[in-house]
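Everything on this sheet refers to the single structure shown next.
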Number of protein chains: 2
Amino acid sequence: MNAVQVLESPAMSAPETHWLDDDQQSDWRAYIVGTTLLLDTLDRELRQAHGISLGEYEILVRLSETPDRTLRMAQIAESMQHSRSRVTHTVSRMEKAGLISRCASETDRRGVEAKMTDAGWELLVAAAHTHVTGVRNHFVDLARPEDFQALGRVMNAVSDQLVEENPEFADMRPGRD
Amino acid sequence: MNAVQVLESPAMSAPETHWLDDDQQSDWRAYIVGTTLLLDTLDRELRQAHGISLGEYEILVRLSETPDRTLRMAQIAESMQHSRSRVTHTVSRMEKAGLISRCASETDRRGVEAKMTDAGWELLVAAAHTHVTGVRNHFVDLARPEDFQALGRVMNAVSDQLVEENPEFADMRPGRD
DNA sequence: CCGAGTTAGTTGAACTTTCTACGAACCCAT
DNA sequence: ATGGGTTCGTAGAAAGTTCAACTAACTCGG
């Protein structure tokens, strides 16, 4: 008896597991494989063309979306679902690279504000072209709009449910409370 | 002028970028946010319940799918789209944890075969329950089957296109050549 | 058979992320 | 005002990943 059969057969599992049927399994696998290849590709394209990772790019996008291109460290952490520590390290690197500058918050003396520099802005403008083109070429333009919308519905349902269980996740989805 | 406008406006970008329209942007964002929260959650659930990461779990699944629960190191690397080096390190840790044992290949004296131990098998059986339950609760059971199938179509199209551009990606999708 | 080129896997250093602990500042009920 | 609880951000160590260099073994045209 091989593993696939065992893993798919209720007979073997002690606390009866409700396995996926073949179609569900196939769709789930398509999602995992496609997502892995897609995110790897978008990350690689950004690194090659502009020397930043997808995560660093997303930090720049978030900064660009504020009026003064500035965010508190904690806001970056929450909106990216990263630890504060991770944001400290990442922003330190981006500061060393000249993309971000840090200064003490006026209103909260514990606080630190990360501000995108002009160099960061220029990099973002260039990187955004690469990124959006990649998203189109590797994702948006490949599917019928109805299918793409269905995917959006599914993924919104996923977020809704996870945010409901974990209120702190709400920070990832602005304009939705 | 703020970033969102600039990023969405063709006027500012030098090599005219074809930006996403509002609906596309919203669906793309739903996909990224949902995927981040979903994969983080599945990883966390496996770590908490069984002390392994989602990546380690997937290695065990791949091993379980072979007749003798054995794979060459390179096969693991290719099917996971990981570097050989990464697989060496990861399998070393899993070997230390008693989940995998390594032995020299009979047929190719360069080769190393990773074999799932009985302990690894037992861990997998338990972890599979956690994982499948999570996939159901946080994903499959949240959507209408038609939407889920549409998502599968989209993600298969994504893989098809990326594999076409990068033939080495084909290793991620067995039974599709 | 030979040797150039390729493939398998490991190693250790560099880099990134996670984990833990910490000090400083805020909040607020007393 | 003050002291307990919380939040902010950092720092360094531990854990994991990437990168570059390397050895060994396979392949195959000559």
Side-chain angles (χ1 to χ4, degrees), chain A residues 36 39-41 43-48 51-59 62-63 70-97 99-115 167-168 170-171, chain B residues 36 39-41 43-48 51-60 63 70-97 99-115 167-168 170-171:
Chain A
T36 301
L39 295 182
D40 279 6
T41 298
D43 183 70
R44 190 163 20 79
E45 288 177 348
L46 276 179
R47 285 181 194 277
Q48 286 176 353
I52 56 171
S53 68
L54 185 54
E56 290 164 340
Y57 170 79
E58 288 190 344
I59 291 181
R62 280 162 175 75
L63 290 172
T70 297
L71 279 174
R72 288 285 294 268
M73 298 296 279
Q75 293 180 290
I76 298 177
E78 284 155 13
S79 72
M80 306 256 303
Q81 208 56 42
H82 286 175
S83 68
R84 292 168 194 275
S85 177
R86 179 173 181 177
V87 173
T88 294
H89 290 304
T90 303
V91 168
S92 295
R93 269 178 263 131
M94 296 176 77
E95 187 175 32
K96 201 176 304 179
L99 305 176
I100 288 179
S101 67
R102 269 190 288 202
C103 61
S105 163
E106 302 287 331
T107 57
D108 181 343
R109 271 178 301 170
R110 295 167 303 181
V112 171
E113 312 207 314
K115 182 178 171 64
E168 70 272 21
D171 300 304
Chain B
T36 301
L39 295 182
D40 279 7
T41 299
D43 183 72
R44 190 162 21 78
E45 287 176 350
L46 276 179
R47 284 180 194 278
Q48 287 177 352
I52 57 170
S53 68
L54 185 54
E56 290 163 341
Y57 170 78
E58 289 190 345
I59 290 180
L60 292 180
L63 290 173
T70 297
L71 280 175
R72 288 283 294 270
M73 298 295 279
Q75 293 180 289
I76 298 176
E78 282 154 16
S79 73
M80 306 257 301
Q81 208 56 43
H82 284 178
S83 68
R84 291 170 196 278
S85 175
R86 179 173 181 176
V87 173
T88 295
H89 290 303
T90 304
V91 168
S92 296
R93 283 190 298 272
M94 295 174 78
E95 188 176 31
K96 201 177 304 178
L99 305 177
I100 289 180
S101 67
R102 268 189 289 201
C103 60
S105 164
E106 303 288 333
T107 57
D108 181 344
R109 271 180 300 169
R110 295 168 302 180
V112 171
E113 312 209 312
K115 182 176 169 66
E168 71 273 20
D171 301 305

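In what follows, chains carry the letters A, B, and so on, assigned in the order in which the sequence lines appear, proteins first and then strands, with residues in each chain numbered from 1. Heavy-atom basis, side chains included; hydrogens, waters and symmetry copies ignored.
Note that the two end axes of the helix from C:dC1-D:dG30 to C:dT30-D:dA1 enclose an angle of 20°, each drawn from 5 base pairs, rounded to 10 degrees.
Residues B:Met94 and B:Glu56 approach most closely at CE-O, 3.6 Å, considering heavy atoms. The two residues B:Thr88 and B:Arg102 make their nearest non-hydrogen contact at O-NH1, 4.0 Å. Heavy atoms only, all atoms of each residue included: B:Gln81 and B:Glu168 are closest at OE1-O, 4.3 Å. In plain terms, the two heavy atoms of A:Leu46 and A:Ser53 that are nearest each other are CD1-O, 4.2 Å.
A salt bridge between A:Asp40 and A:Arg44 is absent, with no side-chain N of the basic residue lying under 4.0 Å from a carboxylate O of the acidic one.
When each of B:Ile59, B:Val112, B:Ile76 is tested with B:Val87 by the rule side chain to side chain contact (heavy atoms under 4.5 Å, CB included), just one qualifies, namely B:Ile76. The side chain to side chain contact (heavy atoms under 4.5 Å, CB included) with B:Ser105 is formed by just one residue from the set B:Met73, B:Arg72, B:Arg110; it is B:Arg72.
Crowding of B:Glu106 atom CD: a count of heavy atoms from other residues, nucleotides or ligands under 6.0 Å not exceeding 12.
Looking at heavy-atom distances under 4.0 Å, A:Thr90 makes contact with sugar-phosphate atoms alone, never a base.
Note that the first and last nucleotides of DNA chain C, 5' to 3', having any atom under 4.0 angstrom from a heavy atom of chain A are C:dT16 to C:dC26.
Once rounded to the nearest 0.5 Å, the distance linking CD1 of B:Ile100 with OG1 of B:Thr90 reads 9.0 Å. A distance of 13.0 Å separates CD1 in B:Ile52 from CZ in B:Arg93, rounded to the nearest 0.5 Å.
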* If a protein heavy atom is under 4.0 Å from the base, mark B; if only from the sugar-phosphate, S; if neither, -; do that for nucleotides 3-14 of chain D going 5' to 3'. => ----BSBBBB--
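Considering only side-chain N and O atoms, B:Arg109 lies nowhere under 4.0 angstrom from the phosphate OP1 or OP2 of D:dA24.
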